[in-house]
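Naming convention: chains lettered A, B, ... in sequence-line order (proteins, then strands); numbering from 1 in each chain.
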Protein chains: 2
Amino acid sequence: MDSEGDVAKLLREAGIRPTLQRMQVAEVVLRKDQHLSAEQILTELDYNGAPVSKATVYNTLGLFAARGLVREVLIDAARVFYDSNTRPHHHFYNTDTGALVDFPASQVVIENLPAPPNSARIESVDLVIRLRNKG
Amino acid sequence: MDSEGDVAKLLREAGIRPTLQRMQVAEVVLRKDQHLSAEQILTELDYNGAPVSKATVYNTLGLFAARGLVREVLIDAARVFYDSNTRPHHHFYNTDTGALVDFPASQVVIENLPAPPNSARIESVDLVIRLRNKG
DNA sequence: TTGGGTGCAAACTATTTGCATTCGA
DNA sequence: TCGAATGCAAATAGTTTGCACCCAA
């Protein structure tokens, strides 16, 4: 786990002023590679005796995502996860169990992508493979 | 555009009882290949003088999606689109303009997908390419 | 000081639930 | 007649906005 000092450094390096609330959110989210919803983060903060408001959690996650510290993963209607693994990767999502599993982008070959319309540039390529248990 | 009779037939063929509200939603959504949000559909129904409740629109879209008449596309946090193009395809999404454009899945080659964990079966493979305008 | 940055209460929006009603057998 | 299906008001859950406060320059 990152010490408090390390988290502050991480935030500063990302151009984010390391305030108390942001460090608390970062401690929970960036501790290891994982997928957490805003709600889960909020719950954990409360449990840790670090009550940060809902709005601040959302705003902070949005900021972290904009600066590349976490990645938003859209999985279900109105169910966003924040993924602290920022290496290029894609996702398996088991619709029966809710399990979300990363796999490296390097492993997959995606070829013959059409040219983006209106000569826009590609910002991200997200592959989500939805699974269902057999039987 | 489908006549009313055709829409009723379409719903029956999908195993859906063709009630008034469902036919009204279907007329709007299935008229042509397009991406619509629940809100847009609701607005158009009101405009057409066919006021179906919000809850019924959501439930009906959920039913249509379950029966394969439309496909849910997750684009933004809390922004679901219902795509009446059910042929296999993927999406370009321009984050600057909000434009959502289909491209055929047949065009793209995706290789070396890892085996699904726990021997679950693949339900869908969704590729979303986010774009940003140059400059 | 002071102007952008920050945190949060409150407002807002999207979606789901629970139940009275209706439908088809 | 009766259980399942249906439609919707109300409740819930998720997210954003607007503003008072704070802090670095």
Legend entry - B/E27/B/R31 salt bridge by N-O under 4.0 Å criterion: no
What donor-acceptor contacts under 3.5 angstrom involve side-chain atoms of residues 62-69 of chain A, with partners at least two apart or in another chain?
unit_1, atom_1, unit_2, atom_2, d
A/R67, NH1, A/A14, O, 3.4
A/R67, NH1, A/G15, O, 2.9

Inset, instruction - For A/E39 and D/dT15, give me the distance from atom CD to atom P, rounded to whole Å. - result: 10 Å
Legend entry - Selection: residues 51-61 of chain B, any non-hydrogen atom under 4.0 Å of DNA chain C: B/K54, B/A55, B/Y58, B/N59
Legend entry - Nearest-angstrom distance from the residue atom CD1 of A/I75 to C1' of C/dT15: 18 Å
Legend entry - ring pair (Phe, Tyr, Trp, His ring centres under 6.0 Å) partners for A/H91, two or more places apart: A/H35, A/H89
Inset, instruction - May I have the distance from B/M23 (atom CE) to D/dT6 (atom P), rounded to whole angstrom? - result: 14 Å
Inset, instruction - Tell me, please, which residues at least two apart from A/N59 pass side-chain hydrogen bond (donor to acceptor under 3.5 Å, both in side chains). - result: none
Legend entry - Selection residues 83-93 of chain A - residue pairs positive for salt bridge (charged side-chain N to carboxylate O under 4.0 Å, His left out), sequence neighbours left out: A/D33-A/R87
Inset, instruction - Could you check which residues of residues 42-49 of chain B get a heavy atom under 4.0 Å from DNA chain D? Sort them by number, please. - result: none
Inset, instruction - Can you sort out the partners of B/F92 under ring pair (Phe, Tyr, Trp, His ring centres under 6.0 Å), two or more places apart, ordered by chain and number? - result: B/F103
Legend entry - B/Y58: ring pair (Phe, Tyr, Trp, His ring centres under 6.0 Å) partners, not counting sequence neighbours: none
Name the pairs: protein N/O against N/O of nucleotides 20-25 of chain C, kept only if under 3.5 Å.
unit_1, atom_1, unit_2, atom_2, d
C/dC23, O3', B/R17, NH1, 3.2

Legend entry - Pair listing, ring-ring contact (aromatic ring centres under 6.0 Å, His included) test, anchored in residues 113-134 of chain A, at least two apart: none
Legend entry - Partners meeting side-chain contact (heavy atoms from CB on, under 4.5 Å) with A/S37 (sequence neighbours left out): A/E39, A/Q40, A/R79, A/F81
Inset, instruction - Please name all residues satisfying side-chain hydrogen bond (donor to acceptor under 3.5 Å, both in side chains) with B/S84, sequence neighbours left out, ordered by chain then number. - result: none
Inset, instruction - Output yes when at least one side-chain N/O atom of A/T19 is less than 4.0 Å from OP1 or OP2 of C/dG7, else no. - result: yes
